Amino acid sequence: MNTLQFSVLHPGSGASPGSVVFLHGGNVANWMWHPQVEALPDYRVITPDLPGFGARTAERWISLEDAAEGVATLIRAEAHGPVHLVGLSLGGVVALRLLARHPQLVASTIVSGVPAFGVDGVAGALARLQLRWWDYAWFWQLQARAFKLPSDSYGVFVEHGLAMDSTNARLMMTQVFAGGLPSGLGEYPGRLLVLAGSKEPRAVRDALPAVAEAVPNSVAAIVPGMHHVWNIEDTALFNEVVRHWITGSVHPRLDVSRARPD
């Protein structure tokens with residue numbers, strides 16, 4: 001099945017150079033980036049669905065590497081030169097694979113909410129438990145509340161969750177929860193911003209220094225007061241952080257000091 005037909009392109013005005021590619025998290029799809037598309041009318045914005053999500057729910061999830069290769073194919077076909085890449089959660093994990101495999105395709109990168117050390121213990125057990133309730137609307141409604149999504153987003157979130165294949169989710173979750181950084185990540189020459197909300201699980205926050213240390217030109221920071229899906233929780237802040245980074249600066253509200261190793 002052709003990956004490119006499942007990518008949404010937003011041409012922009014052409015006032016700003018380059019393209020911005022957003023990679024969505026698990027249990028959602030490219031629609032999660034609607035507030036960011038609206039905030040970047042001057043850029044060409046590309047918001048693909050990853051395999052098994054959104055318009056691609058009929059496809060099988062294969063691997064993180066396979067997903068990264070699909071994004072690389074898309075960038076070569078649709079972007080105008082190296083892109084600015086933004087990935088949250090699953091999207092951030094896929095983004096790191098892309099940087100390791102095709103570093104020349106990406107000029108700057110933001111990843112947020114990446115559990116690079118893996119997810120185990122109580123947090124892992126609770127996350128896997130959700131597969132038992134995958135086909136129930138009430139489960140997705142609870143998830144929407146837990147992610148602090150605005151109430152007007154609940155409907156599309158629940159509808160998409162019920163459409164996803166739990167087999168795909170189980171395989172994807174197993175790969176993400178295993179953790180680890182891809183070999184070759186240190187060859188990425190661009191700028192990398194590694195973020196976690198201050199209210200995210202400790203496993204995500206503790207991984208920040210390791211991810212940043214893997215890339216020579218990188219910054220790690222905590223986003224004060226934010227949970228996991230903070231592009232929706234505080235749309236204005238997320239959009240400002242993205243615009244600052246792709247134009248060469250770190251947003252002043254990011255707490256770099258709290259992301260340093262003890």
Side-chain angles (χ1 to χ4, degrees), residues 1-7 21-33 47-75 85-102 111-140 142-144 146-147 156-185 200-201 203-204 207 211 228-229:
M1 196 170 288
N2 185 354
T3 300
L4 302 184
Q5 68 176 299
F6 295 110
S7 304
V21 177
F22 288 94
L23 302 182
H24 64 78
N27 298 4
V28 287
N30 65 3
W31 46 260
M32 72 172 282
W33 297 119
T47 58
D49 283 325
L50 297 174
F53 297 89
R56 304 176 69 185
T57 53
E59 292 186 42
R60 308 308 301 173
W61 174 269
I62 298 174
S63 68
L64 296 166
E65 291 73 20
D66 172 75
E69 287 299 324
V71 177
T73 299
L74 171 65
I75 291 172
L85 182 65
V86 182
L88 187 146
S89 192
L90 169 63
V93 177
V94 172
L96 294 180
R97 266 63 183 177
L98 177 61
L99 299 187
R101 299 166 79 90
H102 304 284
V111 297
S112 183
V114 173
F117 291 157
V119 181
D120 53 17
V122 174
L126 289 174
R128 292 183 179 90
L129 191 62
Q130 67 182 301
L131 294 169
R132 295 186 181 181
W133 305 315
W134 199 263
D135 296 325
Y136 295 93
W138 62 262
F139 165 72
W140 293 102
L142 289 177
Q143 287 281 292
F147 286 147
V156 67
F157 182 78
V158 172
E159 180 182 359
H160 178 259
L162 293 173
M164 286 194 300
D165 188 326
S166 61
T167 301
N168 275 344
R170 181 178 288 105
L171 181 56
M172 177 274 292
M173 196 179 297
T174 298
Q175 294 168 2
V176 171
F177 284 13
L181 296 174
S183 60
L185 189 56
E200 291 207 63
V204 173
V211 180
H228 192 55
V229 192

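All heavy atoms count here, side chains included; hydrogens, waters and symmetry mates do not. Counting from 1, the numbers follow the sequence of the chain as shown. None of these values were measured; they are calculated from a predicted model.
- Heavy-atom minimum distance, Q175 versus S63: OE1-CA, 3.3 Å.
- Counting heavy atoms from C-beta outward, P48 and L23 have side chains that approach closer than 4.5 Å.
- Sequence neighbours left out, the pairs with a member in residues 89-98 that pass side-chain hydrogen bond (donor to acceptor under 3.5 Å, both in side chains) are S89-H228.
- Considering only heavy atoms from C-beta on, L99 stays 4.5 Å or farther from V111 through its side chain.
- Of all non-hydrogen atoms in G118 and A203, the two that sit nearest each other are O-CB, 4.1 Å.
- Nearest heavy-atom pair, L181 versus A116, reported as atom, atom and distance to 0.1 Å: CD2-CB, 3.8 Å.
- Distance check, rounded to the nearest 0.5 Å: CZ of R170 to CZ of F177 gives 12.0 Å.
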Open item on the list: salt bridge (Lys or Arg N to Asp or Glu O under 4.0 Å) for R101 and E65? Distances and angles first, verdict last.
Closed with: CA-CA 9 Å; R101 299 166 79 90; E65 291 73 20; 5.2 Å; no
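- Note that CG of N27 and CG of L90 are 9.0 Å apart. Values are rounded to the nearest 0.5 Å.
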TODO: Would you sort out whether I75 and L98 count as a side-chain contact (heavy atoms from CB on, under 4.5 Å), showing the intermediate values?
DONE: CA-CA 11 Å; I75 291 172; L98 177 61; 3.9 Å; yes
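- Rounded to the nearest 0.5 angstrom, D165 CG and F53 CZ are separated by 10.5 Å.
- The shortest side-chain heavy-atom distance between N168 and E59 does not fall under the 4.5 Å cut-off.
- Taking all atoms of both residues into account, the shortest heavy-atom contact from P51 to A67 is CD-CB, 4.2 Å.
- Between the side chain of H24 and the backbone N or O of D49 there is no donor-acceptor pair closer than 3.5 Å.
- Using a 30° and 60° split on the angle between ring planes, W33 and F22 fall in the tilted class, from 30° to 60°.
- Proximity of V204 to S112: side-chain heavy atoms (C-beta onward) are nowhere separated by under 4.5 Å.
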